[in-house]
Each structure stands twice: as C-alpha cells, then as structure tokens.
Amino acid sequence: MNALEKSQIRDIALAPMGHDKINWVKTHMPILNQLEAEFRATQPFAGKKVAICLHLEAKTAYLALVIQAGGAEVSVAASNPLSTQDDVVAALVDSGVTAFAWHGATDEEYFGHIDALVHTNPDLFIDDGGDMTSLYHSKYPELLENILGGAEETTTGIVRLRAMANDGALKIPMIAVNDAMTKYFFDNRYGTGQSAWDAIMRTTNLVVAGKTVVVAGYGWCGKGVAMRAKGLGAKVIVTEIDPIKGIEAIMDGFQVMKMVDAAPLGDFFVTVTGDKKVITEEHLAVMKDKAIMANAGHFDVEIDKEALNRMAVATGMSKPNIEFFQFADGRKVYLLGEGRLVNLAAGDGHPAEIMDLTFALQALNVSIDTLTDEQQEYLNSWQL
Ligand SMILES: NC(=O)c1ccc[n+]([C@@H]2O[C@H](COP(=O)([O-])OP(=O)(O)OC[C@H]3O[C@@H](n4cnc5c(N)ncnc54)[C@H](O)[C@@H]3O)[C@@H](O)[C@H]2O)c1
C-alpha cells in the first residue's frame, strides 16, 4: 500500500497549497535545512519507523520531512483536533508520509487517529501533550516493547510524564524537550507571546491598545503573552497562584490580582497555566459584556466550557473560531477556538524561526563572548 492508501485524511487534492506553506517556512528555518542536508547524507534513521504526534501545520510538517530525509518511514497524527491544516497534511501524504488526521476531528476520531499511529509500530516517536504516550501505556503496554524511546515537546506533557515516572508507570525512555532552555526561553515565551496575539487579532479583528488584558499564569508562556500585550498598548493584569511569579509580574510592570477581581475588568482573557478551571462560573458571572476569552495552555480545560454552556441561555458561532455565550442578564461573552490553544486553533502556531530553534535545539551557532581563563578562574574563586 502507498502512503495515501494507508492514510486517513480530508482531501489529497489540497496538497499543492500545503506544499506552498511548507516551502515558505523552509526558507526561514536555516537550522533544519542544515540538518536535512546532514541527515540526507548520513541516513541516521535508515530502517527505522518514526511516529509523530504534533500540531500538524507547516513547520512540524517540515520536521517530518527532515526525519524522512534521514531514512525513516514516517507516520503522523495530530496532537490537537483543531490545529490540523488539511492542505499541509495532504502535502505530507503526497511526499510519502502516512497521515491520520483531519481538521475538526471529533474526540473519537482524534483518539482513533492516534490509535492508528500507535499501530504503525514505530521505533521512535515524538509526542506533544502526552496523549500518545498515555494511550500506549494505558491501552497497548505490550507494544511498548518495540519502542526505543520518545520525545515530549511541551510543559503539560512533561508534567504528565513526571507523574508517570513518580508512579513507576513510565516504561520507556523519553526526552523532555521542553526542559531545554532553548525551548522554554524562546518557544514558550516569544513563540506563544507573538502567535497567541496574532491568532486573537486575526480572529477578532479588534484593537488591543487601550483595552484591559488579563493573563492567567506568569510562567514562560504567560510572560510572553503579557509582554506582547503591553507592547500592543494594553493595560495588563496578571493572575497567579505562585507568589514569586506574582512579584515578578509586579516588577515587570503589571498589576497582579485574583481572577475574581480581574474578571469584571478584562476585555481580553488569555489563560496559560496548564491548569484546569482557571476561569469558572464565579468569574463568568461578573465578566463584562463582550469580554473575549482565549486559552494558550495545552488542553481545553483552563476555561470551564461546561460552566459556559450551563449558564448560557443562547450560544452560537459569531464567525469562525468565535463562539458567543449569552447569559440571562443579556451579557454576551466570547470564546475563541473552542478554548483550545488559540495560536494553533485560530492561527498558524509559532513563527517559523522559533520552531527552527525548537526542533534543532542545541544545534545553535550564536556569536557570543566566551570567558577567558582569567575570568573563569575569577568566577570560580572565593579566596581574597
Ligand atoms: N500555545 C502554545 O503554543 C504553547 C507553547 C508552549 C507551552 N504551552 C502550554 O502552555 C501551558 C503553560 O506552559 P509554561 O511553559 O508557561 O508553564 P509554566 O509552568 O512555566 O507556567 C505556568 C504558570 O501558571 C501558574 N498557574 C498554575 N495554576 C494557576 C491558576 N489556577 N491561576 C493562575 N496561575 C496558575 C503557575 O504558577 C505557573 O507560573 C502548558 O500547558 C504548556 O504545555 C503552550
């Protein structure tokens, strides 16, 4: 069977547009270009099957093609049902990659796709958020014997991996990509900071300057989202549960308060905590009319969608990716991209250069000063 026969995708005829998108990011991903040339020559993955469960858009597609150039038989599925770009997936299949994904998959279809990916029996896999790792361990532990190891991209996935490791449940070696400084420093902060606002602005077509933006969570992603909101001219409020992060946000020039106090003030809300129920019924009850909520954390649990549906007397789509919820007192609030990570559900994800860094990680060539022997000795000494 060829890749198309094995795949479950929307429409192979979309491939030309997908190829254009991949070619565009390729011109801005010099490190991956270099790795592709190296892999093509050295074939490090010859004879190996690699499964990739990532947000399927142009940059991750290029990563899949780079791994394929290194000799691997590559299969992909999505790590989020709303971030899949059907044209990009079609281009991958057209390039010989097997794909199980379409945009807007139901939960059942989404997990069915990851199930199919697991059953390609890979030697190595890349996960983002931990759904594939979790499916392997909970449903198909016997298949783990074939696995050499995996890599996990994001904070939330690594939190899940650590929980598994602490319970003695993790049966395979995993690389915690997110623990690399080049990941959280640049990807989480600058990538999420820019791409979350790109998605919110292109989806709503509203001004940010002069508005009040509430950012929930002042970790790596939250810092980026808050920094870019300030740059756009917004008044920024941060909510936190960690007092040190709260003080850091104050020192960075933001107001810090509880969500219940910020809720009546915000025009935009962006959650980036990796936690659940960060915006709940008590906050929704006091939000302004026309408040807009978006989530940039990994799962769609940060904004309580059950509470929204319970409280609403009317709901519907105002336009693609903007759902309204009207309450009994007449107020309407809006949720972007189903409360799934907004920069991917309603945008194209991180900028190409950021993903280049993330994928290539330590293979950097930055011009920086190096310590002289004298400086090294000085910094390591304690004697007068
Ligand atoms: N959108 C993207 O493209 C993207 C990129 C990278 C990471 N992520 C995801 O974003 C989330 C955050 O990642 P991070 O690297 O910033 O993590 P982090 O651990 O650095 O930061 C999370 C912050 O949220 C705070 N927090 C937790 N519960 C809270 C609550 N109830 N109210 C307010 N603050 C709370 C924590 O104290 C912490 O400071 C994770 O789910 C991660 O997987 C998304």
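In listed order, ligands and their atoms are each counted from 1.
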Checklist outcome for this item: Counting from 1 in the order shown, the ligand 1 atoms closer than 4.0 Å to a non-hydrogen atom of T154 are 6 (C), 7 (C), 8 (N), 9 (C), 42 (C), 43 (O)

Checklist entry - Taking the six-membered ring for Trp, is the centroid-to-centroid distance between F359 and Y62 below 6.0 Å? => result no

Checklist entry - Hey, looking at atom 6 (C) of ligand 1, which of N80, T271, N188 has the closest heavy atom? => result N188

Checklist outcome for this item: Of all protein heavy atoms, the one nearest atom 5 (C) of ligand 1 is T192 OG1, 3.3 Å

Next on the checklist: Over 60° means perpendicular and under 30° means parallel, so tell me whether F185 and W220 are parallel, tilted or perpendicular.
Outcome noted: tilted

Next on the checklist: As an exercise, identify every atom of ligand 1 less than 4.0 angstrom from a heavy atom of D242.
Outcome noted: 37 (O)

Item to check | Shortest protein contact, atom 9 (C) of ligand 1 (heavy atom only) | outcome: H298 N, 3.7 Å

Checklist outcome for this item: Looking only at non-hydrogen atoms, the one of A296, G219, G222 nearest atom 44 (C) of ligand 1 is A296

Checklist entry - What is the distance from atom CZ of R331 to atom CE of M311, rounded to the nearest 0.5 Å? => result 6.0 Å

Checklist entry - So, is C221 polar-close to ligand 1, with some N/O to N/O distance under 3.5 Å? => result yes

Checklist entry - Where on I241 is there a heavy atom closer than 4.0 Å to ligand 1, on the side chain, on the backbone, on both, or on neither? => result both

Next on the checklist: Counting only heavy atoms not in Q375 (residues, nucleotides, ligands), do more than 12 fall under 6.0 Å from its CD?
Outcome noted: yes

Checklist entry - When you measure from atom 34 (N) of ligand 1 to each heavy atom in V272, T273, V278, T280, which option holds the nearest one? => result T273

Checklist entry - Where the side chain of T60 meets the backbone of H55, is there a donor-acceptor pair that is under 3.5 Å apart? => result yes

Checklist entry - What is the distance from atom CD1 of I114 to atom CG of L135, rounded to the nearest 0.5 Å? => result 7.0 Å

Item to check | Electrostatic pair D115-K139, nearest N-O below 4.0 angstrom | outcome: yes

Checklist entry - Between T155, I244, V225, which one has a non-hydrogen atom sitting closest to atom 15 (O) of ligand 1? => result T155

Next on the checklist: Atom CD of residue position E5 - does it have more than 12 heavy atoms of other residues, nucleotides or ligands inside 6.0 Å?
Outcome noted: yes

Next on the checklist: So is H350 touching ligand 1 or not, going by heavy atoms under 4.0 Å?
Outcome noted: yes

Checklist outcome for this item: Here the atoms of ligand 1 under 4.0 Å from any heavy atom belonging to G274 are 11 (C), 40 (C), 41 (O)

Next on the checklist: Heavy atoms only: which of D275, V342, V270 lies closest to atom 31 (N) of ligand 1?
Outcome noted: D275

Next on the checklist: Just to be sure I read this right, does ligand 1 sit under 4.0 Å from the backbone of T156, its side chain, both, or neither, counting only heavy atoms?
Outcome noted: both

Checklist entry - Atom CG in N121, atom NE2 in H119: separation rounded to 0.5 Å? => result 7.0 Å

Item to check | Of the listed options S195, A196, G297, G224, closest to atom 11 (C) of ligand 1 (non-hydrogen atoms) | outcome: G297

Checklist entry - Hey, are D348 and R202 close enough for a salt bridge, meaning a charged N less than 4.0 Å from a carboxylate O? => result yes

Checklist entry - So which protein heavy atom does atom 2 (C) of ligand 1 come closest to, and at what separation? => result N343 ND2, 3.4 Å

Item to check | Option whose closest heavy atom lies nearest to atom 36 (C) of ligand 1, chosen from E240, K245, E302 | outcome: E240

Checklist entry - Taking the inter-plane angle between the rings of Y136 and F125 on a 0 to 90° scale, is it parallel (under 30°), tilted (30 to 60°) or perpendicular (over 60°)? => result tilted

Next on the checklist: Evaluate W220 for polar contact with ligand 1, using N/O atom pairs at a separation under 3.5 Å.
Outcome noted: yes

